[in-house]
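Here's the structure we're looking at; comments come further down.
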Amino acid sequence: MPAAPADTGGLPAMSGTDAARAEGPARYDFRASEPRWQAEWEACGCFDVPDVPPEGRPKYYVLEMFPYPSGQLHMGHVRNYTLGDVVARYKRARGHAVLHPMGWDAFGLPAENAARERGIDPAAWTLANIETMRGTLKRLGLSLNWDREFATCLPEYYGQQQKLFLDFLAAGLVERRDALVNWDPVDGTVLANEQVVDGRGWRSGAVVETRRLSQWFLRITAFAPELLSALEGLDAWPERVRVMQAHWIGRSEGARVRFPLVDAQAAEAVGPEVEVYTTRPDTLFGMSFLAVAAEHPLAAHVAAADPAAAAFVAECRSLGTSEAAVESAEKRGYDTGLRVAHPFMPGESFPVWIANFVLMDYGTGAVFGCPCGDQRDLDFARKYGLPVPVVVLPPGQEADGFAVDNVAHDGPGTLINSGFLDGLSFEDGRRAAIKRLEADGAGRGVVNWRLRDWGISRQRAWGCPIPVIHCPDCGAVPVPDDQLPVRLPDGLDFARPGNALDHHPTWKHVSCPRCGGAATRETDTCDTFVDSSWYFARFTAPHAATPTLRAAADGWLPVDQYVGGIEHAILHLLYARFFTRAMHRTGHLGLDEPFRRLFTQGMVNHETFRDADGSWLYPEQVERSGHGATRRDTGTPVQVGRVEKMSKSKRNTVSPEAIIDRYGADTARWFVLSDSPPERDMEWTEAGVAGAARFGQRLFRLVAAVAESTRPGDAPAGFGEAADALRRATHRTIAAVSEALDGFAFNVAVARMHELGGALAEAAGHEAAPDLDRARREAAVTLCLLSAPMMPHLAEELLALLEPGGAMAALRPWPEADAALLAARSVTIAVQVMGRLRGTIEALPDQPADTVIAAAEAEPNVARLLEGRRVVKRIHVPNRIVNFVVAG
RNA sequence: GCCCGCCUGGCGGAAUGGUAGACGCAGCGGACUUAAAAUCCGCAGUCCGAAGGGCGUGCCGGUUCGAGUCCGGCGGCGGGCACCA
């Protein structure tokens with residue numbers, strides 16, 4: 001969708017005669033200006049910083065989540081990187097040494113798909129995409145440290161990642177073990193639990209199957225307690241992200257309880273006891289049955305001799321945890337015929353079922369069923385006619401006649417029918433039950449976690465090779481340091497299904513580093529979330545021969561401000577927090593939390609359009625007219641749909657390249673900052689962009705007029721009323737914009753700058769005078785400096801007009817508000833009677849209360865209302881309000 | 001089901017417990033122009049009205065001299081997690 005060369009983006013083309021007739025300065029020509037300033041910034045290296053932060057200036061590390069090189073930058077990126085760039089430029093002007101790097105999250109499935117579908121080399125495809133997208137980023141005028149750029153798909157990066165993997169392995173933070181894994185049959189790979197959404201692969205959407213494979217795991221659970229407790233300290237993260245992570249980590253307190261198997265033969269086969277995890281050991285006397293997961297060893301044992309059981313197990317496995325299975329919520333089970341004894345109830349025994357609702361990877365894969373206190377257990381018991389002993393009496397209920405029908409009571413209450421626990425509350429009962437279990441050796445109190453270890457093995461060729469060699473004699477042997485990096489080979493064949501690394505003719509065949517015998521490389525590669533789990537650290541020393549340089553990493557980390565989408569609230573951010581700890585433990589970093597402040601931006605939305613036949617139309621195919629819309633080419637009516645997230649499938653995208661062509665980078669930047677608060681979704685509209693472009697031109701005219709009609713350094717003897725008013729507006733704006741930028745309220749900063757623009761325009765209406773000229777120059781320079789983080793090119797252009805030969809905006813300090821000019825000359829004070837506004841008075845600021853109250857009483861309308869009434873209280877809020885409380 | 005967030009004009013949204021609606025978009029009126037574009041100026045929550053009032057931040061209630069803001073309840077919308085024992 002390239003814009004035609006003659007297209008000036010809705011702004012009229014300027015013919016020679018127009019230009020001749022136009023009075024005052026010409027229009028701002030962003031096409032000439034933007035590339036010129038980008039070249040100036042690059043030439044002076046003003047955004048560069050050393051690996052070790054310089055002395056004497058506070059450091060500030062701004063990072064936006066780095067992009068996957070899909071081929072095209074989209075508006076979400078523009079918003080993300082503009083937000084970060086405003087912070088970077090602002091902090092730089094505030095005197096910080098700012099690290100603001102950019103790179104590429106460059107491994108991933110789309111490159112393999114391109115290779116498979118079109119026979120393109122994934123590396124070539126990826127690097128070409130990077131080339132294109134880098135070009136767009138540069139056109140946006142972002143103040144990035146381009147000398148630190150890297151792509152995770154290059155051995156300079158993934159080789160260091162292999163080093164980290166081996167160090168983690170040596171530190172016991174990596175394990176290889178057989179595991180039930182989520183198998184995506186369409187992508188032909190294993191997925192992490194986090195990548196399974198509603199029982200389907202997060203990319204393919206295919207229903208995930210369960211398989212048992214030998215896999216590499218990162219031991220994130222080793223850090224579960226601190227990953228949870230440290231969330232409290234992340235007070236500059238959005239609350240909801242912390243809540244989501246806390247829930248994901250999922251700490252619960254309960255007990256493991258062992259139930260002896262009554263059947264000797266089964267006990268022989270799978271062990272004498274079945275262990276369950278419960279958070280409610282207080283309700284053990286309410287037991288009705290024991291249920292194990294279909295994947296539980298006991299289920300396998302039973303299935304081996306019982307075809308009906310085997311069929312049930314197979315059925316559970318195929319259904320898995322797919323959405324449909326969960327949605328139907330049907331509790332189904334199979335009675336194994338086995339029975340278990342009860343730790344507190346000698347002589348009693350309970351049936352063992354295989355049940356579809358029991359999860360193998362939570363707790364022990366087995367539960368004891370207590371129907372009276374758990375809805376799921378109750379449904380199950382009712383369905384299969386199992387007993388429902390009542391052991392919890394809800395508050396206010398009489399024991400006589402209390403029964404559970406079809407609603408379980410999982411709240412607090414008093415224990416009954418529970419032997420030695422009778423009469424206890426649920427907390428006391430739990431403590432007493434655990435104490436008894438431990439005394440009897442039948443169980444123990446435990447803390448359980450929902451978080452699972454992170455399986456990182458992927459049967460993918462376009463990823464970071466896991467640096468291990470499998471030797472028939474020595475087992476899994478780490479690749480020695482001097483053989484790193486383990487490079488991906490050229491000439492991978494993606495025509496065959498499965499892992500192209502695995503069926504590469506030579507790559508995997510090597511000799512064992514330990515015994516020298518014939519061995520094979522690990523052909524699995526790392527989950528791409530590994531690549532993005534430490535890139536922020538690598539940016540501090542991107543060319544180092546070790547994963548990090550401690551002086552650089554210690555100097556720059558943590559990231560002071562991280563900016564990205566909420567979709568990474570759990571996976572990426574949790575993995576990065578884990579990696580930071582693991583790198584700390586292995587000596588690569590000196591801290592635990594990578595991101596001090598986190599900002600999650602909203603999405604960029606756009607209207608959707610459909611043709612008469614229901615097919616989606618791109619915005620540029622549509623002509624809007626009032627409430628309706630028509631096709632540009634045919635004039636036929638178009639249906640205007642909902643405002644939705646920009647997506648290729650709905651064709652409601654606007655290309656950043658096209659927008660920069662038409663309006664320039666500054667306009668695009670200004671628009672994404674101006675309307676909506678950055679944490680909320682915004683709607684991209686043509687009118688909005690045009691409005692942003694108008695403001696840029698207005699600013700240009702205003703400031704160019706000042707540059708033309710005034711000279712720098714005209715020092716006046718004093719400031720008259722008009723000049724003083726403008727100066728106060730200028731300094732109030734400095735304070736307000738600074739505060740807005742500090743608080744990520746960029747839309748408010750924009751509004752304040754509009755106001756100062758208005759004040760400057762108003763001042764132009766007064767007769768020229770040295771004091772006013774000086775005030776106008778001050779306002780104009782201030783506008784340049786305040787807008788520089790947001791519209792950096794225009795700011796440079798205008799500053800150069802005002803002060804030819806002066807320093808660039810990018811090199812200038814942030815303006816300081818003069819405290820003496822922040823106070824208003826007079827204040828409007830609202831006067832209330834009984835809390836209702838009845839008039840306003842003008843007063844000098846900071847007058848004594850008596851004076852202000854007297855003036856308020858004299859306000860005619862107020863005086864009328866107070867007449868004949870007794871004032872019982874006078875409230876005075878300095879410079880704001882007076883409120884009279886009257887009797888009766 | 002559980003957890004979290006949000007709800008203010010036609011629209012996006014401002015508003016340390018202190019004049020609700022800043023600023024912008026769309027709209028309307030005017031100036032300039034042969035005309036249009038661009039630009040500039042002005043109007044603008046709603047109802048009654050002369051002054052001045054009434055009603056207004058999803059709904060109900062509370063705290064307060066004063067509530068969009070704090071507290072309790074309800075409703076709607078959005079999001080997250082979801083057979084977690």
Side-chain angles (χ1 to χ4, degrees), chain A residues 10-12 14 18 22-24 27 198 238-244 246-248 250 252 254 276-280 283 291 293 321 323 325-331 355-359 361-370 373-377 379-380 410 448-450 566-567 569-570 626 671 674-677 679-683 685 687-688 690-692 694-695 697-698 701 736 739 745 747-755 757-758 761 765 828-840 860-861 864-865 872-886:
Chain A
L11 304 171
M14 194 177 299
D18 284 338
E23 288 184 24
R27 300 181 65 87
D198 292 335
E239 174 68 16
R240 60 177 171 152
V241 174
R242 294 192 287 163
V243 168
M244 278 189 248
H247 184 255
W248 193 264
S252 73
V276 308
Y277 172 71
T278 177
T279 56
R280 295 294 302 275
T283 63
T321 55
E323 193 174 11
V326 173
E327 203 72 7
S328 73
E330 196 192 354
K331 313 294 173 255
N356 66 342
F357 63 85
V358 181
L359 304 175
D361 63 359
Y362 184 77
T364 62
V367 301
F368 85 89
C370 174
D374 183 287
Q375 190 61 46
R376 206 183 29 217
D377 294 349
D379 294 346
F380 191 82
D410 58 5
N448 196 52
W449 303 87
R450 206 187 85 113
I566 186 69
E567 67 273 18
I570 297 173
F671 177 55
S674 60
D675 262 13
S676 300
E679 69 276 13
R680 281 196 220 175
D681 291 355
M682 65 168 289
E683 186 187 351
T685 63
R694 265 202 308 277
F695 180 71
Q697 292 294 350
R698 178 176 153 88
R701 279 193 306 275
E739 190 187 323
N747 56 323
V748 179
V750 164
R752 298 288 94 88
M753 278 185 268
H754 271 282
E755 285 170 352
T828 305
I829 293 172
V831 185
Q832 299 178 337
V833 178
M834 297 300 282
R836 303 185 71 96
L837 181 71
R838 297 302 179 188
T840 59
N861 197 42
R864 185 176 63 81
L865 287 160
V872 294
K873 201 168 177 186
R874 295 171 178 81
I875 288 143
H876 172 240
V877 181
N879 302 328
R880 288 206 175 262
I881 223 162
V882 172
N883 186 16
F884 296 103
V885 183
V886 298

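Letters go in sequence order (proteins before strands), and every chain restarts at 1. Computation of the quantities below employed the complete heavy-atom set of this structure, encompassing side-chain atoms and omitting hydrogens, waters and symmetry-equivalent molecules.
- For B:rC6, the paired nucleotide is B:rG76, the pair qualifying as Watson-Crick or G-U wobble because both relevant distances are below 3.5 Å.
- Shown here, B:rC40 forms a base pair with B:rG30; the pair counts as Watson-Crick or G-U wobble because both key distances fall under 3.5 Å.
- Atom pair A:E679:CD and B:rG5:P shows a separation of 14 Å (rounding to whole Å applied).
- Taking OH of A:Y362 as the reference point, atom CH2 of A:W449 lies at 10.5 Å (rounded to 0.5 Å).
- Here A:R376 does not reach the OP1 or OP2 of B:rG1: none of its side-chain N or O atoms lies under 4.0 Å away.
- When rounded to the nearest whole Å, the span between CD1 of A:I570 and P of B:rC4 equals 15 Å.
- With B:rC40, B:rA82, B:rG18 as the candidates, the nucleotide lying closest to the side chain of A:I881 is B:rG18.
- Side-chain proximity of A:I875 to the nucleotides B:rC65, B:rC25, B:rG79 is greatest for B:rC65.
- Closest to the side chain of A:A830, from the set B:rU19, B:rG53, B:rC65, is B:rU19.
- Place A:T840 and A:I566 on RNA chain B by their nearest nucleotides, and A:T840 ends up nearer the 5' end.
- Summarising the geometry, atom CG belonging to A:L865 is positioned 12.0 Å from atom CE belonging to A:M834; distances are rounded to the nearest 0.5 Å.
- The base-pairing partner of B:rA51, taking Watson-Crick or G-U wobble contacts with both distances under 3.5 Å, does not exist among the strands shown.
- Atom CG of A:D410 is separated from atom P of B:rC84 by 11 Å (rounded to the nearest Å).
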Show me the protein contacts with nucleotides 20-23 of chain B, counting only N or O atoms at under 3.5 Å.
| unit_1 | atom_1 | unit_2 | atom_2 | d |
| --- | --- | --- | --- | --- |
| B:rA22 | O2' | A:E755 | OE2 | 2.6 |
| B:rA22 | N3 | A:R752 | NH2 | 3.1 |

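- A:E683 is linked by a side-chain hydrogen bond (donor to acceptor under 3.5 Å, both in side chains) to nothing, counting only residues two or more places apart in sequence or in another chain.
- When distances run from any side-chain atom of A:Y277 to the nucleotides B:rG80, B:rA85, B:rC65, the shortest one goes to B:rA85.
- A:R874 is linked by a salt bridge (Lys or Arg N to Asp or Glu O under 4.0 Å) to A:E857, counting only residues two or more places apart in sequence or in another chain.
- If you take CZ of A:F368 and P of B:rC83, they are 20 Å apart, rounded to a whole angstrom.
- For the pair A:I829 CD1 and B:rC65 P, the interatomic distance rounds to 21 Å; values are reported in whole Å.
- When the P atom is compared between B:rU69 and B:rG9, the two are found 15 Å apart, to the nearest whole Å.
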Review item, nucleotides 8-12 of chain B N/O atoms under 3.5 Å of protein N/O:
| unit_1 | atom_1 | unit_2 | atom_2 | d |
| --- | --- | --- | --- | --- |
| B:rG12 | O2' | A:S676 | OG | 2.7 |

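- Between A:F380 and A:F357, the ring planes lie perpendicular to each other; the angle is over 60°, past the 30° to 60° tilted range.
- Annotation: the span from A:D410 atom CG to A:D377 atom CG amounts to 11.0 Å, rounded to 0.5 Å.
- Using a 4.0 Å heavy-atom criterion, one finds that A:V358 contacts the bases of the nucleic acid, with or without backbone contacts as well.
- In this structure, A:V877 reaches the bases: a heavy-atom distance under 4.0 Å links it to at least one base atom across the strands shown.
- At a threshold of 4.0 angstrom between heavy atoms, the contacts of A:R240 are confined to the sugar-phosphate backbone, with no base atom among them.
- When Watson-Crick and G-U wobble pairs are counted only if both distances are under 3.5 Å, B:rG12 pairs with B:rC23.
- For A:E739, there are no salt bridge (Lys or Arg N to Asp or Glu O under 4.0 Å) partners at least two apart in sequence or on another chain.
- Between the CG atom of A:D361 and the P atom of B:rC83 there is a distance of 10 Å, rounded to whole Å.
- Using a 4.0 Å heavy-atom cutoff across all strands shown, A:T685 reaches no nucleic acid atom at all.
- Nearer the 5' end of RNA chain B, as judged by each residue's closest nucleotide, is the contact made by A:R838, out of A:R838 and A:F884.
- Taking the C1' atoms as reference points, B:rC60 lies 10 Å from B:rG75, given to the whole Å.
- Annotated as anti: B:rG52, whose O4'-C1'-N torsion sits more than 90° from 0.
- When the C1' atom is compared between B:rU8 and B:rU57, the two are found 4 Å apart, to the nearest whole Å.
- Side-chain contact between A:M244 and A:I570: present, with at least one pair of heavy atoms (C-beta onward) separated by less than 4.5 Å.
- Here, B:rC83 and B:rG12 have their P atoms 36 Å apart, quoted to the whole Å.
- Comparing the C1' positions of B:rA82 and B:rG10 gives an interatomic distance of 40 Å, to the nearest angstrom.
- Nucleotides B:rG13 and B:rG24 are separated by 9 Å at their C1' atoms, to the nearest Å.
- Put simply, CZ on A:R880 is 6 Å from P on B:rU19, counting in whole angstrom units.
- By the 4.5 Å heavy-atom criterion applied to side chains, A:V831 and A:R838 are not counted as neighbours.
- Taking only side-chain atoms of A:M244, from C-beta outward, the nucleotide of B:rG80, B:rA85, B:rU19 with the closest atom is B:rG80.
- Using P as the reference atom, B:rC11 and B:rG45 are 14 Å apart when rounded to the nearest Å.
- A donor-acceptor contact shorter than 3.5 Å is absent between the side chain of A:N448 and the backbone of A:S252.
- Side chain of A:N861, nearest nucleotide from B:rG52, B:rC83, B:rU19: B:rG52.
- Within 4.0 Å (heavy atoms only), A:V367 reaches at least one base atom of the nucleic acid.
- Contact of the A:Q832 side chain with the A:I881 side chain is registered, since non-hydrogen atoms from C-beta on lie closer than 4.5 Å.
- Residues meeting the side-chain hydrogen bond (donor to acceptor under 3.5 Å, both in side chains) test with A:R240, sequence neighbours left out: none.
- One can place CG of A:L359 at 6 Å from C1' of B:rC83, the figure rounded to the nearest angstrom.
- For the pair A:R698 and B:rC40, the criterion of a side-chain N or O lying under 4.0 Å from OP1 or OP2 is met.
- Under the Watson-Crick and G-U wobble criteria, each requiring two contacts below 3.5 Å, nucleotide B:rG66 is left unpaired.
- Taken from CZ in A:F671 to OG1 in A:T685, the straight-line distance is 4.0 Å, to the nearest 0.5 Å.
- Across B:rC23 and B:rG78, the matching C1' atoms stand 26 Å from one another, rounded to whole Å.
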